Amino acid sequence: QVQLVESGGGSVQSGGSLRLSCAAEGNIYSIHSMAWHRQAPGKQRDLVATIDSDGTPDYADSVKGRFTISTDKAKNTVYLQMDSLQPEDTAVYYCNADLTYKYDFYYQRATDFWGQGTQVTVAS
């Protein structure tokens with residue numbers, strides 16, 4: 001079974017920091033890209049940051065200069081370092097991956113594989 005296991009969420013005061021982790025576990029063949037999304041109550045799920053196979057990051061305007069996405073390819077893990085957190089950052093954060101995994105004798109491509117989500121709460 002393949003899954004994305006998230007950790008690192010919690011509650012902080014405004015201006016604080018958190019570091020989220022998302023590890024792809026299972027019979028992973030390759031990871032093509034990874035990303036972080038977030039969803040606040042009553043709002044749509046929005047893209048926060050992406051990182052491609054070359055390690056090139058991209059960020060939503062709302063988090064530029066405050067969040068940093070990175071990967072550890074050896075551990076099949078993506079991180080999101082969040083600094084200068086604001087109450088507006090409060091949301092459930094989901095990691096996402098475009099990956100290929102082995103299933104019996106076959107290799108399967110999952111272009112939109114999601115983690116379970118982790119809650120980030122920023123108090124004012």
Side-chain angles (χ1 to χ4, degrees):
Q1 182 178 3
V2 175
Q3 60 182 348
L4 302 181
V5 181
E6 300 184 30
S7 63
S11 298
V12 297
Q13 283 68 50
S14 181
S17 298
L18 286 172
R19 183 176 175 87
L20 306 183
S21 299
C22 176
E25 300 181 348
N27 200 359
I28 306 297
Y29 179 75
S30 63
I31 298 177
H32 311 288
S33 65
M34 300 191 81
W36 288 95
H37 296 71
R38 66 185 181 186
Q39 187 169 21
K43 297 185 178 180
Q44 65 183 13
R45 187 173 298 184
D46 293 326
L47 179 66
V48 175
T50 63
I51 187 163
D52 64 19
S53 59
D54 295 324
T56 302
D58 197 15
Y59 302 95
D61 289 340
S62 59
V63 305
K64 284 182 178 178
R66 301 188 298 118
F67 290 11
T68 303
I69 187 171
S70 61
T71 60
D72 185 336
K73 292 184 178 181
K75 298 180 179 179
N76 289 331
T77 299
V78 62
Y79 304 95
L80 186 67
Q81 178 67 43
M82 304 183 294
D83 299 319
S84 301
L85 283 163
Q86 304 168 11
E88 295 76 28
D89 297 315
T90 295
V92 177
Y93 284 70
Y94 298 89
C95 66
N96 170 263
D98 175 2
L99 56 83
T100 298
Y101 62 95
K102 189 176 181 180
Y103 180 78
D104 290 336
F105 298 108
Y106 304 98
Y107 290 91
Q108 300 289 333
R109 178 76 173 267
T111 59
D112 201 22
F113 203 88
W114 292 91
Q116 83 281 6
T118 184
Q119 177 70 49
V120 171
T121 302
V122 185
S124 60

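Just so you know, these numbers come straight off a predicted model, no measurement behind them.
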Heavy-atom distance under 4.5 Å between the side chains of Phe113 and Val2, does that happen here?
yes
Could you tell me whether the side chain of Val120 reaches within less than 4.5 Å of the side chain of Leu20, counting heavy atoms only?
yes
Atom OH in Tyr94, atom CG in Leu4: separation rounded to 0.5 Å?
13.0 Å
For side-chain contact (heavy atoms from CB on, under 4.5 Å), just list the numbers for Arg19 and Ser7, CA-CA rounded to whole Å, side-chain angles, deciding distance to a tenth of an Å, and then say yes or no.
CA-CA 9 Å; Arg19 183 176 175 87; Ser7 63; over 6 Å; no
Using the rule given for side-chain contact (heavy atoms from CB on, under 4.5 Å), can you reason through Leu80 versus Phe67, listing the C-alpha separation, both sets of side-chain angles and the distance that settles it, and then say yes or no?
CA-CA 7 Å; Leu80 186 67; Phe67 290 11; 4.2 Å; yes
Non-hydrogen side-chain atoms of Gln86 and Arg66 separated by less than 4.5 Å
yes
d(Asp104 CG, Lys102 NZ) to nearest 0.5 Å is 9.0 Å
Mind checking whether Val5 and Leu99 sit in one hydrophobic cluster, side chains of I, L, V, M, F, W, Y counted as touching below 4.5 Å?
no
So does Ile69 get a backbone contact from the side chain of Tyr59, meaning a donor-acceptor N/O pair under 3.5 Å?
yes
How about Thr56 and Ile51: do any of their side-chain heavy atoms sit closer than 4.5 Å?
no
Show me the donor-acceptor pairs within less than 3.5 Å that the side chains of residues 26-38 make with the rest of the protein, sequence neighbours left out.
from  : atom 1 : to     : atom 2 : distance (Å)
His32 : NE2    : Thr100 : OG1    : 2.9
His32 : NE2    : Arg109 : NE     : 3.4
Arg38 : NH1    : Asp89  : OD1    : 2.9
Arg38 : NH1    : Tyr93  : OH     : 2.8
Arg38 : NH2    : Ser62  : OG     : 3.4

Heavy-atom closest pair, residues Val92 and Gly117:
CG1-CA, 3.8 Å
At their closest point, which heavy atom of Cys95 faces which heavy atom of Glu6, and how far apart are they?
N-OE2, 2.8 Å
Closest approach of Ser14 to Pro87 (non-hydrogen atoms, all atoms of both residues)
OG-CD, 3.9 Å
Honestly curious: do Val12 and Val63 fall in one hydrophobic cluster under the side-chain, below-4.5 Å linking rule?
yes
Do you know the tightest heavy-atom contact between Asn96 and Asp112?
ND2-OD1, 2.7 Å
Hey, are the side chains of Leu85 and Leu18 touching, using non-hydrogen atoms and a 4.5 Å cut-off?
yes
Gln3 and Trp114: CA distance, side-chain angles, deciding distance, side-chain contact (heavy atoms from CB on, under 4.5 Å) verdict:
CA-CA 8 Å; Gln3 60 182 348; Trp114 292 91; over 6 Å; no
Hey, what do you get for OH (Tyr103) to CD (Gln108), rounding to the nearest 0.5 Å?
8.5 Å
Flag the pair Thr71 / Tyr79 as yes when at least one side-chain heavy-atom distance between them is below 4.5 Å, and no otherwise.
no
Could you give the distance from OG (Ser53) to NZ (Lys73), rounded to the nearest 0.5 Å?
6.5 Å
Walk me through it: do Thr111 and Asp98 pass the test side-chain hydrogen bond (donor to acceptor under 3.5 Å, both in side chains)?
CA-CA 4 Å; Thr111 59; Asp98 175 2; 5.5 Å; no
Going by heavy atoms in the side chains, are Met82 and Thr68 under 4.5 Å from each other?
no
Of all heavy-atom pairs linking Ala23 and Thr77, the shortest is CB-OG1, 3.5 Å
